[in-house]
Every structure is written in C-alpha cells, then in structure tokens.
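Residue numbers start from 1 in every chain, and the chains themselves are labelled A, B, ... in the order their sequence lines are given, proteins ahead of strands. Everything numeric in this text was worked out from a predicted model, so none of it was measured. All values below come from the heavy atoms of this structure, side chains included, with hydrogens, waters and symmetry mates left out.
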Number of protein chains: 2
Amino acid sequence: MGAKRKARPTAAELKILNVIWTHGPSTVRFVNDRLNEEKTPKGGGRTIGYTTTLKIMQVMAEKGLLERDESRRSHLYGAASPQHQVQRLLVDRLLQTAFGGSALKLVMQALGGHKAKPEEIARIRELLDRMEGGRR
Amino acid sequence: MGAKRKARPTAAELKILNVIWTHGPSTVRFVNDRLNEEKTPKGGGRTIGYTTTLKIMQVMAEKGLLERDESRRSHLYGAASPQHQVQRLLVDRLLQTAFGGSALKLVMQALGGHKAKPEEIARIRELLDRMEGGRR
DNA sequence: GGAATACTACGAAATTCTTCGTAATTTAAT
DNA sequence: ATTAAATTACGAAGAATTTCGTAGTATTCC
C-alpha cells in the first residue's frame with residue numbers, strides 16, 4: 001500500500017491532472033507551459049511560475065496523486081489514478097455535500113443548465129436503457 | 001456593495017447551508033446543534049465548537065452567502081441564494097474543472113455509480129424528452 | 001574547461017479556511 | 001439586584017493551499 005488515500009485534489013491540482021490525463025506522463029515544464037497558454041478572457045492574465053507548478057506537482061506526488069519517474073534528468077509525472085476514478089470521487093463528494101446523496105437531482109442540474117446535443121441525449125438514453133434492463 | 005456574488009461555499013459552509021436550506025432561517029445555536037447531532041459511524045466523533053459555527057456564519061454573512069436578521073437577541077441567518085442556484089454553481093464548476101465541460105460525462109458518472117431507482121430513471125427520461133422539444 | 005541553460009530541492013511568505021479562547025453584552029433566574 | 005446563562009464580537013492560532021525566490025546540481029554549447 002503506497003498511495004491509496006482518498007486524497008481529494010484541489011483546484012490547482014485538478015488543472016494539472018487534466019493536462020496529464022490529456023497528454024500522458026509529462027514533465028513539469030510541459031505542464032507549466034500548458035497551464036500558461038490558456039487564454040485569459042478576463043483581465044487577470046497572470047502566468048504561473050515554473051517553480052509553483054513544480055512545487056504543486058511534488059506535493060501531489062507525496063500525496064499519491066501523481067507518480068514520479070526520476071530515471072531521466074527531467075522527471076516525468078504520471079497520474080496515479082485514472083481520470084474516471086477521480087471524477088467518480090468528486091461526483092460522490094458533491095453528491096453528499098450539496099445534493100443530499102440524490103444523483104437524480106444532480107443529473108437534473110447538470111442537464112438543466114446546458115442545451116445538450118441530441119447525440120448526447122441519445123447516449124444518456126442508452127445508459128438508462130442499460131440500467132433499467134439490467135442486461136449488458 | 002458588500003455582498004459579492006461569485007462566492008463559492010467551502011465544505012464547512014456547505015454543511016451550514018444544508019441545515020438552513022432544510023430548516024429555514026436559523027440561529028447559530030440551532031445550526032450548531034444540527035451539525036453536532038450527526039452520527040459519526042467512524043471514530044472521529046469530535047464536536048464542533050459553538051464559536052466555530054458562529055464565526056463561519058459571520059464570515060458567510062460578510063461574503064454574502066447568508067443574510068442576517070439582527071432584530072432579536074439571537075440573530076437569525078437565512079440563505080442568501082436558493083439551494084438550486086448554489087447547486088448549479090457547484091455543478092458548473094465541477095463541469096469545468098473535472099469534466100472538460102461535458103455534462104454528458106458528468107451525468108454518466110453520477111448515474112453509473114448508483115443503482116438508480118426505476119422512478120428516478122423515468123424522471124430523467126421525462127427531462128430528456130422535454131429537452132428535445134417535447135417530441136421525440 | 002567554463003559559461004550559459006535547465007531542472008530539482010528547499011524553505012518560506014501570502015492566502016484562505018477552520019478552529020477556538022476570551023471579553024463584552026444581553027437576558028433569565030433566584 | 002446579583003448571579004448565572006446565553007449570545008455576539010474580536011482576535012488569533014493552526015492547517016492547508018498557492019505562490020515564489022534562492023541555491024544547488026546536472027546538461028549543453030562554444
């Protein structure tokens with residue numbers, strides 16, 4: 001057992017995880033560049049310092065959110081848990097803290113505020129069918 | 001100007017909001033009692049101090065999350081925003097930070113991990129029907 | 001080799017969140 | 001009226017998060 005705690009990623013940590021989930025194991029430099037190339041529609045176009053990203057990623061490795069490969073000069077950090085697992089954790093957390101455990105209400109909120117594409121709606125219907133039918 | 005809109009409630013603040021959403025405008029004493037009467041199935045049954053709850057609620061009033069009625073000796077705190085509005089905010093935030101804006105994926109996660117009751121599934125179908133413009 | 005470059009390690013400041021202790025004030029009890 | 005109880009105000013400590021600066025170490029380039 002190494003890093004199996006229920007570490008909940010913070011906002012900054014999630015941004016980093018998103019980069020790594022998208023691009024795979026990455027160096028600090030790469031992640032920092034991705035974070036900074038985001039457009040800032042609002043005035044605050046502040047760039048994140050390299051050592052800031054470094055530090056957070058080091059902390060994440062300690063927490064068990066990332067795994068570090070030190071075999072090369074520039075360490076490679078990979079996600080310790082797959083994206084869907086962390087998403088599940090966050091959804092469950094939100095479910096408990098803000099929706100009293102009612103997945104239905106959460107779903108209604110998620111769908112209610114966005115005009116889902118017909119295709120998405122179809123996908124959800126399929127999911128519902130499968131859940132109901134019990135076969136799969 | 002004093003009450004800022006964008007205020008996102010923290011974990012502790014959300015617990016307080018849940019009490020107030022459920023019971024309506026409440027005193028600090030009442031909220032604190034509700035928070036402490038929760039059973040802690042696991043070891044850490046530590047009680048929250050009265051002044052802790054008081055302080056957080058005062059801060060929440062400053063942030064604009066709660067509104068305070070000082071007409072009586074024991075101040076009454078009410079929610080500044082309806083539950084659904086805050087839920088929407090939190091869902092949107094999660095959508096952006098962890099699901100890349102895809103409501104579909106969030107919904108799949110929310111539904112995937114829970115055996116929804118047939119009734120809930122039916123409700124969601126209704127919602128989908130309405131989203132598609134009533135016809136189908 | 002020596003200078004410039006790139007990266008990690010370390011520590012600490014700044015912020016926010018959470019927690020209380022203490023003092024002051026008001027209400028209730030005796 | 002005095003004492004006791006309850007409540008608010010204030011401030012501050014502790015913890016977690018986010019931010020860097022500086023120093024040290026390795027790599028690359030004349």
Side-chain angles (χ1 to χ4, degrees), chain A residues 5-20 25-36 38 40 44-78 86 90 93 97-98, chain B residues 2 4 6-19 25-36 38 40 44-78 86 90 93 97-98:
Chain A
R5 15 218 159 285
K6 51 176 183 177
R8 172 181 90 123
T10 66
E13 289 170 346
L14 258 183
K15 286 182 185 171
I16 291 172
L17 278 174
N18 280 325
V19 172
I20 294 178
S26 313
T27 63
V28 175
R29 174 64 60 194
F30 180 82
V31 171
N32 187 244
D33 287 347
R34 294 293 98 32
L35 294 181
N36 281 323
E38 291 174 2
T40 46
R46 83 187 179 297
T47 59
I48 301 172
Y50 174 85
T51 55
T52 300
T53 303
L54 168 66
K55 182 62 163 184
I56 295 181
M57 289 174 74
Q58 285 174 338
V59 169
M60 289 173 75
E62 284 174 14
K63 285 184 183 176
L65 287 172
L66 296 180
E67 286 169 353
R68 176 162 60 175
D69 172 3
E70 308 183 18
S71 66
R72 298 198 215 175
R73 162 82 169 123
S74 300
H75 299 173
L76 279 181
Y77 291 81
V86 175
L90 293 172
R93 177 92 46 159
T97 60
Chain B
K4 290 305 126 213
K6 287 291 184 183
R8 174 181 98 121
T10 66
E13 289 170 347
L14 216 39
K15 285 182 186 172
I16 290 172
L17 279 174
N18 279 323
V19 172
S26 313
T27 63
V28 175
R29 174 63 60 194
F30 180 82
V31 171
N32 186 244
D33 287 348
R34 293 293 104 18
L35 295 181
N36 281 323
E38 290 174 2
T40 45
R46 85 175 182 300
T47 61
I48 301 171
Y50 174 84
T51 55
T52 299
T53 303
L54 168 66
K55 183 62 163 185
I56 295 182
M57 288 174 73
Q58 287 174 338
V59 170
M60 288 172 77
E62 284 174 12
K63 286 184 184 176
L65 286 172
L66 296 180
E67 285 169 354
R68 177 162 60 174
D69 172 2
E70 310 184 15
S71 65
R72 297 198 216 174
R73 162 80 169 125
S74 299
H75 299 173
L76 279 181
Y77 291 82
V86 176
L90 293 172
R93 178 91 48 158
T97 59

Nearest listed nucleotide, side chain of [X], among [options]:
X	options	value
A/Thr51	C/dT19, D/dT22, D/dT17	D/dT22
A/His75	C/dT8, D/dT8, D/dT18	C/dT8
A/Thr52	D/dT18, C/dT8, D/dC20	D/dC20
A/Ala11	D/dT18, D/dT8, C/dT18	D/dT18
A/Lys63	D/dT18, D/dT17, C/dC7	D/dT17
A/Ser74	D/dA9, D/dT18, C/dT8	C/dT8

Counting just side-chain N and O atoms, does [X] come under 4.0 Å of either OP1 or OP2 of [N]?
X	N	result
A/Arg68	C/dA9	yes
A/Tyr50	D/dT19	no
B/Thr10	C/dT18	yes
A/Gln58	C/dT8	no

Want to settle it: does B/Lys55 or B/Val28 sit nearer the 5' end of DNA chain D, counting the closest nucleotide to each?
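Looking at the nearest nucleotide for each, B/Val28 comes out on the 5' side.
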Dump every N/O contact between nucleotides 25-28 of chain C and the protein below 3.5 Å, one line per pair.
| from | atom 1 | to | atom 2 | distance (Å) |
| --- | --- | --- | --- | --- |
| C/dT26 | O2 | B/Arg73 | NH2 | 3.3 |

Rounded to the nearest angstrom, tell me the gap between atom [atom1] in [X] and atom [atom2] in [N].
X	N	atom1	atom2	result
B/Glu70	D/dT7	CD	P	16 Å
A/Leu17	D/dT17	CG	P	14 Å
A/Leu54	C/dC10	CG	P	11 Å
B/Arg46	D/dA15	CZ	P	13 Å
B/Met60	C/dC17	CE	P	12 Å
B/Met57	C/dT19	CE	P	14 Å
A/Asp69	C/dC7	CG	P	15 Å
A/Ile16	D/dT19	CD1	C1'	12 Å

Side chains of [X] and [Y] in contact at under 4.5 Å (non-hydrogen atoms):
X	Y	result
A/Asn36	A/Thr53	no
A/Leu14	A/Leu90	yes
A/Arg34	A/Lys15	no

Taken to the nearest 0.5 Å, the spacing of A/Arg29 CZ from A/His75 NE2 works out to 14.5 Å
When rounded to the nearest 0.5 angstrom, what distance separates CD1 in A/Ile56 from CG in A/Leu65?
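Reported to 0.5 Å precision, the distance equals 11.5 Å.
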With sugar-phosphate meaning primed atoms plus P, OP1 and OP2, does B/Arg72 contact a base, only sugar-phosphate, or nothing at under 4.0 Å between heavy atoms?
nothing
Is there a donor-acceptor pair closer than 3.5 Å between any side-chain N or O of B/Asn32 and the backbone N or O of B/Leu54?
no
Start with the C-alpha gap between A/Glu13 and A/Leu66, add the side-chain angles, then the distance that decides, and say whether side chain to side chain contact (heavy atoms under 4.5 Å, CB included) holds.
CA-CA 10 Å; A/Glu13 289 170 346; A/Leu66 296 180; over 6 Å; no
Which atom pair, heavy atoms only, marks the closest approach of A/Thr27 to A/Ser74?
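What the structure gives for the nearest pair is CG2-CB, 4.0 Å.
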